[in-house]
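What you see below is based on every heavy atom in this structure, not just the backbone, and it leaves out hydrogens, waters and symmetry mates. All chains are named by letter (A, B, ...) in the order of the sequence lines, taking the proteins before the strands, and each is independently numbered beginning at 1.
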Amino acid sequence: MLPLQRIREESDAVKEGLRRKGEPTDCVDTILELDATARRLRGEVESARAEQKRQSGPVRGKPSDEQLAQLTELKQRVQEGDARLGELDTRINDLLLYVANPAHESVPYGQGDADNVPVATWGKPASFDFDPLPHYDIGAGLGIFDFERAAKISGARFAILKGDGARLERALITWMLDVATQEHGYTEILPPYLVRREAMVGTGNLPKFEDDAFHVDGGLFLIPTAEVPVTNLYREEILDATQLPIAHVAYTACFRLEAGAAGKDTRGYLRLHQFDKVEMVRFTTPEQSLEQFELLTQHAETILRRLGLSYRKLLMCTGDTGFAQWKKYDLEVWAPGMRRWLEVSSCSVFGDFQARRANIRYRPSANEKLRFVHTINGSGLALPRTFDAVLETFQQRDGSVVIPEVLRPYMGGQERLLPG
RNA sequence: GGGGAGGUGGCUGAGCGGCUGAAAGCGCCCGCCUGCUAAGCGGGUGAGGGGCGUUAAACCCCUCCGGGGGUUCGAAUCCCCCCCUUCCCGCCA
């Protein structure tokens with residue numbers, strides 16, 4: 001959320017920032033109007049209340065009739081003003097939750113996919129002396145997917161992994177967590193998958209994107225990503241500057257309702273209502289956030305490199321930089337069987353946008369004022385598409401798949417997935 | 001599901017109608033003391049908003065003791081509703 005003061009003082013810049021993202025700007029004008037009214041009213045109410053205090057303070061005991069009459073009148077003025085002010089403040093605060101985070105100045109302008117800027121490509125796309133198959137065909141040969149039964153049990157957009165498939169997924173998850181915790185310095189968190197509404201508001205998933213989330217009886221939401229519980233770990237807290245940066249990694253299942261609405265990627269292990277993901281989250285000072293963002297992105301890249309997958313890194317244009325995001329890279333892995341790039345990681349820095357919503361602050365040093373931390377997160381990595389890229393990249397003519405070396409210790413030393 | 005306890009500043013924890021933005025302790029900051037450290041001594045130390053200020057400080061005002069209503073001239077303190085935490089019993093894994 002943006003501070004009201006910023007909207008007040010830099011309304012044109014804020015609106016321009018929203019326009020660049022393709023976000024509506026009318027809410028800014030509405031907020032400005034409401035705020036102007038609220039400020040005027042606040043002045044009146046405050047001076048009436050100051051008068052009330054001045055008169056009521058020294059009374060101590062029984063005020064005279066004249067005093068009483070005057071005080072009663074003041075009280076009414078204060079009460080009425082306060083009620084109107086309360087309404088205005090509520091409306092302003094509700095609107096503020098819908099104002100997007102303008103992108104960082106280094107983010108290129110653009111409206112969509114075509115405007116995202118490739119900043120790096122790593123690895124050569126795998127070459128084959130046969131026609132490489134898409135992962136769902138490879139998987140069918142290996143007997144590791146069961147989409148039909150998943151649909152029977154849960155409906156469309158669910159998958160079942162079986163045998164070596166289930167094991168490979170677990171191996172990927174465990175290995176990713178091990179790299180993050182043992183090499184990259186992240187502390188692992190295993191959080192709840194159900195969260196309160198406030199947690200969803202904290203990360204910016206609510207109120208604007210309520211339709212995208214699974215809402216369960218009892219008022220809780222199924223997390224769309226581990227970002228939600230992990231970012232909210234420190235909500236309403238004041239951190240010590242010496243603790244920063246804080247780095248967490250978490251594996252969770254992720255649940256997305258909207259994943260089904262698009263009508264694309266209906267085939268294969270690609271876009272699901274439920275999927276696995278390893279997520280990294282960092283909390284930093286404002287001074288460090290951009291470099292920490294680069295660092296986290298590198299950590300995600302490391303995972304892809306170690307697996308031997310080729311990928312590209314895209315700097316998202318303003319139009320593809322999400323509601324809460326300040327700046328974002330997407331990592332896309334090459335899937336040679338489908339001959340397309342698959343998004344496996346999205347690394348974002350939020351500035352203090354989430355920290356304001358979740359009220360996560362820190363004290364820079366003993367005599368300084370509290371400040372909001374900056375938050376950063378990124379997938380490291382999303383499982384289904386990483387899984388697909390492994391199958392498609394390391395498939396063999398005979399239908400088997402060579403398991404990347406880094407995963408073999410997690411597969412009991414197994415070197416290949418064999419058909420049958 | 002039944003019954004109890006509780007939500008106060010960075011933390012612990014008093015307060016139970018006006019003298020309380022809030023005792024005390026801890027922590028932290030400044031100074032004294034000390035060969036250094038520790039201890040000791042003295043002082044200071046909540047957050048948010050508005051005014052003012054050519055956006056630093058000072059100064060003034062308002063708000064804030066889980067949230068929202070109410071009683072009252074006046075509420076952290078009394079009443080009502082809600083949220084959250086916690087304990088005991090029951091139930092289930």
Nearest-Å distance once atom [atom1] is located in both [N] and [M]:
N	M	atom1	value
B:rA47	B:rG53	P	25 Å
B:rC29	B:rG49	C1'	26 Å
B:rA22	B:rU34	P	36 Å
B:rG66	B:rU86	C1'	15 Å
B:rC16	B:rA76	C1'	9 Å

Would you kindly give the CG-to-P distance between A:L88 and B:rG49, to the nearest whole Å?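 Atom-to-atom, A:L88 to B:rG49, this comes out as 18 Å.
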Does A:R371 place a side-chain N or O at less than 4.0 Å from the phosphate oxygens OP1/OP2 of B:rA47?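 No, because none of the side-chain N or O atoms of A:R371 sits under 4.0 Å from OP1 or OP2 of B:rA47.
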Output yes when at least one side-chain N/O atom of A:K369 is less than 4.0 Å from OP1 or OP2 of B:rG48, else no.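 True: A:K369 side-chain N/O within range (under 4.0 Å) of B:rG48 OP1/OP2.
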List, one per line, each side-chain donor-acceptor pair under 3.5 Å for residues 411-420 of chain A, sequence neighbours excluded.
| unit_1 | atom_1 | unit_2 | atom_2 | d |
| --- | --- | --- | --- | --- |
| A:Q414 | NE2 | A:D164 | OD2 | 3.0 |
| A:Q414 | NE2 | A:R416 | O | 2.9 |
| A:R416 | NH1 | A:S400 | OG | 2.7 |

N-O pairing of A:E44 and A:R84 below 4.0 Å: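 Salt bridge flag = no for A:R84 with A:E44.
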Hey, which sits more toward the 5' end of RNA chain B by its nearest nucleotide, A:E198 or A:E9? A:E9
Taking A:R282 for its side chain and A:L295 for its backbone only, find out whether a donor-acceptor pair lies under 3.5 Å. no
Is there a Watson-Crick or G-U wobble partner for [N] with both distances under 3.5 Å, and which nucleotide is it?
N	value
B:rG1	B:rC89
B:rC52	none
B:rC26	B:rG10
B:rC16	none

Need one value for A:R197: base, sugar-phosphate or nothing, where a base atom within 4.0 Å counts as base even if backbone is also close, heavy atoms only. nothing
Verify side-chain contact (heavy atoms from CB on, under 4.5 Å) between A:Q325 and A:M316, making sure each step is shown before the conclusion. CA-CA 10 Å; A:Q325 296 155 356; A:M316 297 289 102; over 6 Å; no
Measure up the A:F293 and A:Y329 rings against each other and bin them: parallel (under 30°), tilted (30 to 60°), perpendicular (over 60°).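 Correct class here is parallel.
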Rounded distance [0.5 Å steps], OG1 in A:T375 versus CH2 in A:W326: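 Answer rounded to 0.5 Å: 10.5 Å.
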Detail all sub-3.5 Å separations between protein N/O atoms and N/O atoms belonging to nucleotides 51-54 of chain B.
| unit_1 | atom_1 | unit_2 | atom_2 | d |
| --- | --- | --- | --- | --- |
| B:rG51 | OP1 | A:R39 | NH2 | 2.5 |
| B:rG51 | OP2 | A:R39 | NH2 | 3.4 |

Would you tell me whether A:Y251 and A:D276 have side-chain atoms, one donor and one acceptor, within less than 3.5 Å of each other? yes
